[in-house]
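The structure under discussion is supplied below as structure tokens; questions concerning it will follow.
On a predicted model such as this, the values are computed, not experimentally measured, just so you know. All values below were derived from every heavy atom in this structure, side-chain atoms included, with hydrogens, water molecules and symmetry-related copies excluded.
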Amino acid sequence: MIDKLTGLILRSALRINPPLYKSRLARWAQENDLQRPAVVLSFDCDTDRDAKAALSLQTVFFKAGIPALYAVPGELLRDHWSIYQQLPRLGGKFINHGFRRHAAVDPDTGRVYSTLSYKGLSENAWREDIRKGHENITELTGEAPTIFRTPHFGEFCQPKQLKLLYDWLSKLGYTYSSSVTPRFAVHHGSQYEPTNGLVETPLSGCLAKPAQLIDSWGFVSAPDALGVEQLVQALQQYLDLFECETPLLLNIYFDPADIVGETQVIDLLVSFASWAQPDYQAVTVGLKERSLVEVKRG
């Protein structure tokens with residue numbers, strides 16, 4: 001876990017010395033004997049417009065041999081099941097992203113805004129949301145999910161929040177989470193075990209600006225978005241390392257509707273096909289030595 005002071009120190013260190021991020025990722029890869037680059041691609045499908053976009057994207061990725069994870073709130077998964085049910089045969093896999101809708105699209109501006117965050121819910125309420133999301137995926141697919149991602153995860157990363165979250169996920173039988181920001185990778189590594197039997201995989205940041213998530217919100221859809229050109233540059237920096245077979249774990253996610261029309265971004269993602277993994281477990285079991293860094297709870 002990362003307390004407030006440690007978080008401030010990490011943010012400052014990454015701002016002053018961005019290469020620290022790559023160095024830490026490389027050190028984790030070496031310590032865990034990661035033999036070659038690995039990328040896990042995922043999509044957060046937070047609004048109604050993401051369903052058709054997700055199917056369009058996964059059709060392209062399937063042809064390229066790229067599997068992907070899909071984090072869909074239970075209500076949306078249920079309401080658009082006629083579309084989402086086609087993803088598994090194309091290499092898509094559902095992960096629990098809670099049950100209730102937590103975002104909407106402004107009809108006037110077309111921008112996405114938050115409607116629900118776990119930071120604003122009681123412990124019982126967010127626990128119930130996770131449980132209902134779990135049951136919904138199990139009912140629809142016939143298979144219980146083992147991976148969880150917190151809705152608006154950047155807002156729910158305080159030590160106490162994560163301790164309660166991980167304890168609840170463990171009770172529900174989860175073995176993987178991807179619910180924290182890049183600074184956790186600097187402190188703990190690209191994968192780590194915050195509690196017995198549960199592995200956390202932080203989302204990846206830009207090599208040039210590690211605190212900046214590689215996602216479509218920050219680069220494409222936010223009011224102050226950095227722009228598609230900078231997203232392409234951030235992905236290309238990783239691709240250059242991958243093509244040199246530099247062992248690193250890249251964990252990136254996008255909202256499907258944000259990039260479905262961005263041909264240059266899609267083509268770049270397809271370029272990662274040789275290193276694409278179906279999920280986080282594939283990375284873990286692929287390590288020669290599986291002694292992940294154990295983090296003291298609390």
Do H102 and P73 come within less than 4.5 Å of each other through their side chains, counting heavy atoms only? yes

Heavy atoms from other residues, nucleotides or ligands near CD of E143 exceed 12 (cutoff 6.0 Å): no

Is there a path from V260 to I252 through hydrophobic residues (I, L, V, M, F, W, Y) whose side chains come within less than 4.5 Å of each other? yes

May I ask you to decide if K52's main-chain N or O and S56's side chain share a donor-acceptor pair within less than 3.5 Å? no

Quick one: do L203 and V112 end up in the same hydrophobic cluster if we chain Ile, Leu, Val, Met, Phe, Trp and Tyr together by side-chain heavy atoms under 4.5 Å apart? no

Assess, by modelled atom type and distance only, whether the side chains of E128 and N124 contain a donor and an acceptor separated by less than 3.5 Å. no

Checking side-chain contact (heavy atoms from CB on, under 4.5 Å) for the pair F184/L162: CA distance, chi angles, key distance, verdict? CA-CA 12 Å; F184 284 78; L162 290 176; 3.7 Å; yes

To check you understand the geometry: which heavy-atom pair defines the closest contact between Q237 and A208, and what is its length? OE1-N, 3.8 Å

Within this structure, what is the CG-CG distance for the pair L25 and L241, rounded to the nearest 0.5 Å? 10.0 Å

Any luck finding a side-chain donor-acceptor pair between H152 and D46 under 3.5 Å? no

Nearest non-hydrogen partners of G189 and R24, listed with the distance: N-NH2, 3.7 Å

Within the 4.5 Å heavy-atom criterion, are L269 and I259 side-chain neighbours or not? yes

Give a yes or no on whether the backbone of D258 and the side-chain of D255 come within a donor-acceptor separation of less than 3.5 Å. no

So, does S117 use its side chain to make a donor-acceptor pair with the main chain of G120 at under 3.5 Å? no

Do F94 and W81 have ring centroids that are under 6.0 Å from one another? yes

Once you round to the nearest 0.5 Å, how far does CD of E139 lie from OG1 of T141? 10.0 Å

Would you say Q281 and T175 are linked by a side-chain donor-acceptor pair, where the criterion is simply a distance under 3.5 Å? no

Answer with yes or no whether the hydrophobic clustering places V105 together with V220; edges join I, L, V, M, F, W, Y residues whose side-chain heavy atoms lie under 4.5 Å apart. no

Strictly distance-based, threshold 3.5 Å: is any side-chain N or O of N96 a donor or acceptor partner for the main-chain N or O of I130? yes

Minimum heavy-atom distance P182-G205, with the two atoms named: CG-N, 3.5 Å

Between Q161 and Y118: side-chain donor-acceptor atoms closer than 3.5 Å: no

ILVMFWY network linking I95 to F153, side-chain heavy atoms under 4.5 angstrom: no

Quick one: does S23's side chain have a donor or acceptor within less than 3.5 Å of a partner on P19's backbone? no

Can you classify the ring geometry of Y70 versus F43 as parallel (below 30°), tilted (30 to 60°) or perpendicular (above 60°)? parallel

In this structure, CG of L69 is separated from NE2 of H97 (nearest 0.5 Å) by 12.0 Å

Counting distance only, does the side-chain N/O of R100 pair as donor-acceptor with the main-chain N or O of E75 below 3.5 Å? no

When you compare the side chain of L41 with that of F272, does any pair of heavy atoms fall below 4.5 Å? no

Distance alone, cut at 3.5 Å: any donor-acceptor contact between the side chains of Q35 and D33? yes

Evaluate Q191 against W28 for side-chain contact (heavy atoms from CB on, under 4.5 Å), listing each step before the verdict. CA-CA 8 Å; Q191 283 190 323; W28 176 86; 3.7 Å; yes

Under 6.0 Å from the CZ atom of R101, do we count more than 12 heavy atoms belonging to anything else shown? yes

Whether T115 side chain and A104 backbone form a donor-acceptor pair below 3.5 Å: no

Apply side-chain contact (heavy atoms from CB on, under 4.5 Å) to F156 and S179, showing your working. CA-CA 8 Å; F156 201 72; S179 299; over 6 Å; no

Would you say Y176 and V283 make side-chain contact, with heavy atoms under 4.5 Å? no

Taking all atoms of both residues into account, what is the closest heavy-atom pair of Y21 and V186, and its distance? CD1-CG2, 3.5 Å

One pair to check against salt bridge (Lys or Arg N to Asp or Glu O under 4.0 Å): K163 and D167. What are the steps and the verdict? CA-CA 6 Å; K163 181 182 183 301; D167 285 347; 3.3 Å; yes

For A282 versus Q277, what's the shortest heavy-atom pair and its separation? CB-OE1, 3.7 Å

Check whether any side-chain heavy atom of I266 lies under 4.5 Å from a side-chain heavy atom of L57, and answer yes or no. yes

Keeping Q58 on the side-chain end and L90 on the backbone end, is there a donor-acceptor pair under 3.5 Å? yes

Any side-chain heavy-atom pair of F99 and E135 under 4.5 Å: no

With side chains defined as the heavy atoms from C-beta onward, is the minimum distance between K93 and P67 less than 4.5 Å? no

About how many Å separate CZ of F254 and OG of S216, when rounded to the nearest 0.5 Å? 7.0 Å

Test applied, side-chain hydrogen bond (donor to acceptor under 3.5 Å, both in side chains); reference residue, N251; option that passes from S190, S204, S178: S178

Give me the atom names and distance for the closest heavy-atom approach of L231 to D215. CD1-O, 4.5 Å

Measuring from L235:CG to F242:CZ, what's the distance to the nearest 0.5 Å? 10.5 Å

If you count heavy atoms of other groups shown closer than 6.0 angstrom to CD of Q86, is the number above 12? yes

T47 and D50: side-chain donor and acceptor closer than 3.5 Å? yes

May I ask you to decide if G74's main-chain N or O and N136's side chain share a donor-acceptor pair within less than 3.5 Å? yes

Looking only at side-chain N and O atoms, does E245 offer a donor or acceptor that is under 3.5 Å from a partner on W275? yes

Between Y174 and H134, ring centroids under 6.0 Å: yes

Keeping Y280 on the side-chain end and I147 on the backbone end, is there a donor-acceptor pair under 3.5 Å? no

Verdict with supporting geometry, W217 and D44, side-chain contact (heavy atoms from CB on, under 4.5 Å): CA-CA 11 Å; W217 171 256; D44 283 13; over 6 Å; no

Please determine whether residues L213 and L250 belong to a single hydrophobic cluster, defined as Ile, Leu, Val, Met, Phe, Trp and Tyr linked transitively by side-chain heavy-atom distances below 4.5 Å. no

Check whether any side-chain heavy atom of L87 sits under 4.5 Å from a side-chain heavy atom of L55, and report yes or no. yes

T59 OG1 to F62 CZ distance, which is reported to the nearest 0.5 Å: 9.0 Å

